[in-house]
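Notes follow the structure.
In listed order, ligands and their atoms are each counted from 1.
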Amino acid sequence: MPEVLRGHAPAKVNLVLEVLSRREDGYHELDTIFQELQLADGVELRLDGPAGIQVDGPFAAGTPADASNLAWRAALALGGRLGISIGRLGLRLTKHIPAAAGLGGGASDAAAVLRLLATAWPGTSEALLAEIAAALGSDEVFFLSGGTARGTGRGECVAPLPALPPHDVVLFVSPLSIERKTGQMFAALDRLALDPGGIAARFAANPPARIRSAEVYNAFERVAFELFPGLAALREELEARAGEPVHLAGAGPTLFWIGPPGTGATIAEAVEGAPCMVIPTRTAGPR
Ligand code: C5P
């Protein structure tokens, strides 16, 4: 029997995303509140080959099925540190999270691979996983534990928060794209005054039991609607149809609505006909 490890890799949204300052190393100091969603990719690992990576599922497009894949690089990095070859490792990703959409799908796949390999490879510690995750990307550490959490530093200093009680979330996914999205968004923000901070700190000091779409804050909204041609018109149309504000997920271009459980279906119905894909989901608790 081949040994197969299976897991899932959830998406996230940022309920708060403040960009505080530009650092010497070119990164930016953030203060953000991450929230795990139920929408998730499937992750399957075979430890005895055939070696390679396979990507399938409804959102396979846009995810590299080669050695440049972040989840593959995560396996390579962990194997390298433990002296374990990945020469017989087979990775299969079933993509339900749209790629490069601001939902953290690639980072989450990589964190799920680290978690799965940690169960099979002796010598793995939490500190090693966090170190490898932080080197792979700024959002990566959050996905090791998920739930509701505050991220500071580049986003890689993650402190868990009490789980936000269940909320409905509706994602509005558009095919809009720009080159080097995240870098461009930060560069555009640098031309404006950055955030004074305080919103994520207040959330963490007094975690709310309920959050409404109107309370979400994402600094990237100050530049995203100019950088993504067509996104401002999409937001306008969604807000007119839904009668509720929608917000940018991470660095976009996905927009989302969040509200009380049981009300997401009404929002999804109200926006029918808008030029985007509508994905209803929910918040998820800690794993
Ligand atoms: O961490 P990650 O590799 O996802 O970041 C992609 C790019 O986004 C970085 O090269 C950097 O330009 C920008 N970034 C930043 N500040 C952060 C996170 C990312 O400037 N906190």
Ion pair check, [X] and [Y], cut-off under 4.0 Å:
X: D48; Y: R88; answer: no
X: R150; Y: E156; answer: no
X: E3; Y: R46; answer: no

Would you say the side chain of E29 lies within less than 4.5 Å of the side chain of T152, judging by non-hydrogen atoms?
no

Is the shortest heavy-atom distance from the side chain of H8 to the side chain of S108 under 4.5 Å?
no

Exactly which residues line ligand 1, taking a heavy atom under 4.0 Å from it as the test?
G26, Y27, H28, L30, G137, S138, R154, T182, F186

Using ring centroids (six-membered ring only for Trp), state whether F143 and F34 fall under 6.0 Å.
no

